[in-house]
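Presented below is the structure to which this report refers.
Excluded from the calculations below are hydrogen atoms, water molecules and symmetry mates; all remaining heavy atoms, backbone and side chain alike, are included. Being a predicted model, the structure only gives us computed values, none of them experimental.
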Amino acid sequence: MPAVRWIFTTRWCVLVGLLASFEVDAVTTKATVYLKSGDQNSDDFPKFTVKVGIEDMDGIAVGVLHHGVNSSGWDKVKIHGLANTDASTTAMAMGFLEGYLTQPSIFAVSQNNYADWFVNAAKRSPTPVEDWLVQNYDWMKKSASVKRFSAVRSEATYWTQVHFLLSQFQGLMLGYNAAADPEQSLPLNLFLLLNSDGDVESIINLPSIVAKYRSLNQTQFRPKKDLRCSAIFKYDRVAREMYFGHSTWDNFDMGGIRQLKRYVYNLKGYSKVEISMSSTPGFLSSVDDFFLTSLGLAVVETTNGNRNPVLWEKVSIKSVLSWARSMAANILASTTKAWSSTFCMENSGTYNNQWMILDLNKFQTFQNDRAMKYMENDTFRVLEQLPGSCTVGDMTGHIEAEGYWASYNIPFFENVWKSSGFDKLRPKVDYSHSTSARAQIFATRQATVKDLNSLKAILRYNDYTNDPVAHGDPCRAISARCDLNPVTAPNFRLEGGMDAKATTASVAYSNLQFAAQNGPTHDSSLPPFNWSQWVHRFPFPGYEQVPLHVGSPDVFDFDWVDFKPEL
């Protein structure tokens, strides 16, 4: 029986078990959230009790956390909401349990995330970016409280789901702070900064934000490149199989503590939906992004970004950010067409990505019916978002004709390519959808994908010393290792491909299962990334200090792991 302690506040109380910290691996923790009797209609927040060591389906949420960051590269998290109370309270309980179970990891990631974005990480007063996020959050809450009762069914459905997501977000904050020691408590603005990690890439470019930093005479943020992620969908005509996967690119300090998550939304009065994804502690969406849903969709994106400053004028604080829109679409949509239309509602114009949506239901029908010569229309859709617009196309015919679809941070649709400023970037060959380095590598190597192992290989591909397309630069690969450049080289950074996820349409359809590998790519010719090496080599150009990487493994030499329905 685990040791426990009570935490009381004027708003809620919770029975907190003394959990193993994120440093302890191979530990599995189960817990159940209960609603305290008589508090269902509290004027403030519901009062929750959490019991560690059991999964009780008579509670309102159950969860499992398997600690594995240091042994396998990933923690595994499953949060299951139960329809034993009203839907909003269940959603909040789901967030509460996740925040409670993963508190040490969230705290570590919050420190790393803040230092990753802002130059003066020691000054933890809210920045103009955080002020913008709080105002946006207030607008979303107020809008959801009214519009979920709209007489227009589609509007009511959408805003009801946003309301549930915001309830889950509130629960995440409450559960975290219930488990945290006072010196580790985190306010609203830092939770928003975590969940909006992708959106912040755009928000830091808004004219109003830039002007506020200048007026305050503040050193502002660390800009990130939009070259963020590689993805492929490979169609095997003979086997009638679709192999697909994704490699996240980012600064390596953001890849230290990762999670494989499974959410089960069993909310009273609503159909049950499950979502399986790669993610990060404190994130309620993937942000990578890589999702599998029980409604039969696989959803993946890579970031295009926006290089046209004029478009930033179309971004409004009165909008729904990408992290919430993607989750709302995942929970509501069962077709690629419905996902696209749902996602584009209340478009924030932030985190401007190329989204790829595969209809696993339609593809399963095609797999099983040999009389069908071609996949149904809208089996595979591509969506490219910009401030003020979404461009969507049915690319089923394209993937049948070409045998694959690859994505590498360059818009496919010509109108998006031009309006986002890619036509003005030089050298033009590097920003062309057909001639960029990764375009050439994918085109040359996609035929090697014959099974799951060869899919894994292409997602981790980096042969910069031999591949003529790389020009000797380890940044020019499917999974970049910019740290392998000489420290004096222009492209030296501690960044690149920091993970990979891989699966097949058959496996994803049957149980939302995928394989994942955390850490920068490594093999017999590429050494594993090692933080101690860079601590010893500091100082080096471009860095005032070694990037903060609290809670991270030191050496990333992990193998692939399977993420299955049961942890």
Strictly distance-based, threshold 3.5 Å: is any side-chain N or O of [X] a donor or acceptor partner for the main-chain N or O of [Y]?
X    : Y    : answer
S110 : F107 : no
N195 : G282 : yes
S276 : R262 : no
N205 : E201 : yes
S279 : Q259 : no
T32  : G59  : no
N177 : M173 : yes
D562 : K564 : no
T248 : M498 : no
N518 : G73  : yes

Quick one, E155 with S150, criterion side chain to side chain donor-acceptor pair (under 3.5 Å). Give me CA distance, side-chain angles, the key distance, then yes/no. CA-CA 6 Å; E155 183 176 57; S150 171; 2.6 Å; yes
Decide whether [X] and [Y] meet the rule of one side-chain donor and one side-chain acceptor closer than 3.5 Å.
X    : Y    : value
D58  : Y34  : no
S278 : R258 : no
W531 : D253 : no
Y351 : E301 : yes
D86  : T89  : yes
Y176 : Q184 : no
S479 : T521 : no
H163 : S88  : yes
N353 : T303 : yes
K318 : S143 : no
N304 : Q354 : no
D199 : T350 : yes
T127 : E130 : yes

What orientation do [X] and [Y] show, parallel under 30°, tilted 30 to 60°, or perpendicular over 60°?
X    : Y    : answer
W355 : F291 : parallel
W339 : F343 : parallel
W323 : F169 : tilted

Regarding R325 and the six-membered ring of Y158, is the cationic atom NZ or CZ under 6.0 Å from the ring centre and inside 45° of its axis?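 That pair does not qualify as a cation-pi contact.
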Got a second to check how far [X]'s [atom1] is from [Y]'s [atom2], nearest 0.5 Å?
X    : Y    : atom1 : atom2 : value
E274 : Y263 : CD    : OH    : 13.5 Å
S319 : N136 : OG    : CG    : 5.5 Å
N530 : D554 : CG    : CG    : 4.5 Å
N266 : M94  : CG    : CE    : 9.5 Å
L101 : T29  : CG    : OG1   : 7.0 Å
C229 : D250 : SG    : CG    : 8.0 Å

Check whether any side-chain heavy atom of [X] sits under 4.5 Å from a side-chain heavy atom of [Y], and report yes or no.
X    : Y    : value
Q168 : M327 : no
E566 : K78  : yes
H66  : V77  : no
N330 : V299 : yes
F118 : V129 : yes
V273 : L295 : yes
D56  : K51  : no
N113 : M254 : yes

Smallest separation among heavy atoms of [X] and [Y], with atom names:
X    : Y    : answer
G99  : I106 : CA-CD1, 4.1 Å
R460 : A500 : NE-CB, 3.8 Å
F558 : N70  : CE2-O, 3.4 Å
M92  : L174 : SD-CD1, 4.2 Å
G256 : V69  : O-CG1, 3.6 Å
I204 : V210 : O-CG2, 3.6 Å

Test: D288 and K501 ion pair at under 4.0 Å: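 Salt bridge flag = yes for K501 with D288.
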Is it the case that the ring center of F529 lies less than 6.0 angstrom away from the ring center of F252?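 Judged by ring-centre distance (under 6.0 Å), F252 and F529 do meet the cut-off.
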Give a yes or no on this: more than 12 heavy atoms of other residues, nucleotides or ligands lie within 6.0 Å of atom NZ of K147.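 Correct, the count exceeds 12.
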Verify side chain to side chain donor-acceptor pair (under 3.5 Å) between N352 and N306, making sure each step is shown before the conclusion. CA-CA 7 Å; N352 296 292; N306 169 47; over 6 Å; no
Contacts of K76 that satisfy salt bridge (charged side-chain N to carboxylate O under 4.0 Å, His left out) - sequence neighbours left out: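 So K76 forms no salt bridge (charged side-chain N to carboxylate O under 4.0 Å, His left out) with any residue.
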Could you give me the CA-CA distance, side-chain angles and deciding distance for F290 and F514, then say whether ring pair (Phe, Tyr, Trp, His ring centres under 6.0 Å) is met? CA-CA 10 Å; F290 184 90; F514 62 93; 5.1 Å; yes
Chi angles and distances behind the ring pair (Phe, Tyr, Trp, His ring centres under 6.0 Å) call for F164, Y270: CA-CA 11 Å; F164 293 153; Y270 299 87; 5.2 Å; yes
Give the intermediate values and the outcome of side chain to side chain contact (heavy atoms under 4.5 Å, CB included) for residues M140 and V320. CA-CA 7 Å; M140 285 196 294; V320 179; 3.9 Å; yes
List the steps and the verdict of side chain to side chain contact (heavy atoms under 4.5 Å, CB included) for V62 and K30. CA-CA 8 Å; V62 296; K30 301 178 180 180; over 6 Å; no
Taking it one step at a time, do W74 and D499 satisfy side chain to side chain contact (heavy atoms under 4.5 Å, CB included)? CA-CA 10 Å; W74 301 92; D499 74 12; 3.9 Å; yes
